[in-house]
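Note sheet for the following structure.
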Amino acid sequence: MNLKGHRVVKAPPSVYYIPEFITLEEEERIIERVNSAPKPKWTQLSHRRLQNWGGIPHPKGMIAEKIPEWLLVFTEKIGKLGLFGGKQPNHVLVNEYMPGQGIMPHLDGPLFYPTVTTISCGSHTILNCYCPHQSDEADTQSVGDLKVASLLLERRSLVVLQDDMYTEYLHTIAEVHCDTVSGAEENLDLCGGQYATGAELQRTTRISLTVRHVPHTTKVCIKLGR
Ligand SMILES: O=C(O)CCC(=O)C(=O)O
Ligand SMILES: [Fe+2]
């Protein structure tokens, strides 16, 4: 597996898209494992919930925790793509989106090596990428020409964002139940499926694994009080 032939040339540098990065069985297993995690493992946000694996990234350094075997399979597979400056990914963020849920425009920020890789499970979504200043203003997402890319993320695919797509452009997922294929999605020719322009794709529950490398980690130091 390598990235050759998977570059999304129509998007700003750099985006890679690999359809069917995981098998159906692997997808089912991920969903099963995520759903059977103990309740306290979940962080409930107002519009989605998440699980942190590998530790909580922090400016003072992440207290690294072992990534469980069922996730390690995928961090190792992604690690082989050589995207993290010679390092291995050491952090996985699991996001769960019900239909109608999304994520606000944001940058992933400086706590991570500037590459983000995401596996989609259970449902497709559309990841929209915008110029930052325009995106601060209200109702940005209706202003078509400020969008720099729209990526159709199919179930079982891997998407990679780096360079300007990591550091400059915000990414966001709209809070909708259904996505309409515009035909202009920059990665459409790399997708596994065939999509007619105007096709309506109903969302189901999507579980995404966002796999990154946190360079600054620390070990817990327990001081004995004597
Ligand atoms: O679920 C996704 O594909 C995106 C998640 C994301 O952008 C993040 O957690 O920073
Ligand atoms: Fe993000």
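Just so you know, ligand 1 is whichever comes first in the structure, and atom 1 is the first atom listed for that ligand. Keep in mind that the numbers below use all heavy atoms, side chains included, and drop hydrogens, waters and symmetry copies.
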Backbone N/O of L152 and side chain of N187: donor-acceptor pair under 3.5 Å: yes

Taking 4.0 angstrom as the limit, do R29 and E26 come out as a salt bridge? no

So what's near the Fe ion (ligand 2), protein N, O or S atoms under 2.8 Å? H106 NE2, D108 OD1, H171 NE2

Steps toward ring-ring contact (aromatic ring centres under 6.0 Å, His included) verdict (H106, H171): CA-CA 6 Å; H106 67 280; H171 51 275; 4.1 Å; yes

Atom 5 (C) of ligand 1: nearest protein contact (heavy atom, Å): Y97 OH, 3.4 Å

Here the atoms of ligand 1 under 4.0 Å from any heavy atom belonging to D108 are 10 (O)

Step through the shown structure and confirm whether more than 12 heavy atoms of other residues, nucleotides or ligands are within 6.0 Å of NZ on K41. yes

Considering heavy atoms of the protein only, find what lies nearest to atom 10 (O) of ligand 1 and give residue, atom and distance to 0.1 Å. H106 NE2, 3.0 Å

Distance col, row E154:CD vs Y195:OH, nearest 0.5 angstrom, shows 3.5 Å

In sequence, state the C-alpha distance, the side-chain angles, and the governing distance for L151 and V8, and then conclude on side chain to side chain contact (heavy atoms under 4.5 Å, CB included). CA-CA 9 Å; L151 305 166; V8 179; 4.3 Å; yes

Minimum side-chain heavy-atom gap T75-Q88 below 4.5 Å: no

Testing W42, W70, F74 for ring-ring contact (aromatic ring centres under 6.0 Å, His included) with W53, which one passes? W70

Which bit of I173 gets closer than 4.0 Å to ligand 1, counting heavy atoms only: side chain, backbone, both or neither? side chain

One finds that the ligand 1 atoms under 4.0 Å from a non-hydrogen atom of I103 are 6 (C), 7 (O), 8 (C)

Check: of R206, R48, R212, H171, min heavy-atom distance to atom 7 (O) of ligand 1 comes from H171

Is the NE2 atom of H47 crowded by more than 12 outside heavy atoms at less than 6.0 Å? no

Between K77 and F21 (side chain of the first, backbone of the second, donor and acceptor by atom type, cut-off under 3.5 Å), is there such a pair? yes

Could you tell me which atoms of ligand 1, counted from 1 in the order shown, lie closer than 4.0 angstrom to a heavy atom of L93? 9 (O)

S208 neighbourhood, listing ligand 1 atoms whose heavy-atom distance to it stays under 4.0 Å: 1 (O), 2 (C)

Heavy-atom count around Q44 CD within 6.0 Å, excluding the residue itself: above 12? yes

With atom 9 (O) of ligand 1 as the reference point, say which of N95, L170, V116 has the nearest heavy atom. N95

Suppose I only count heavy atoms of T118 and a 4.0 Å limit; which atoms of ligand 1 are within that range? 3 (O)

Hey, does L50 sit under 4.0 Å from ligand 1 if you only count heavy atoms? no

Any donor-acceptor pair under 3.5 Å linking the side chain of T117 with the backbone of V211? yes

Quick check on L127 - does any of its heavy atoms sit under 4.0 Å from an atom of ligand 1? no

Would T210 count as a polar contact of ligand 1, with the cut-off being nitrogen or oxygen pairs under 3.5 Å? no

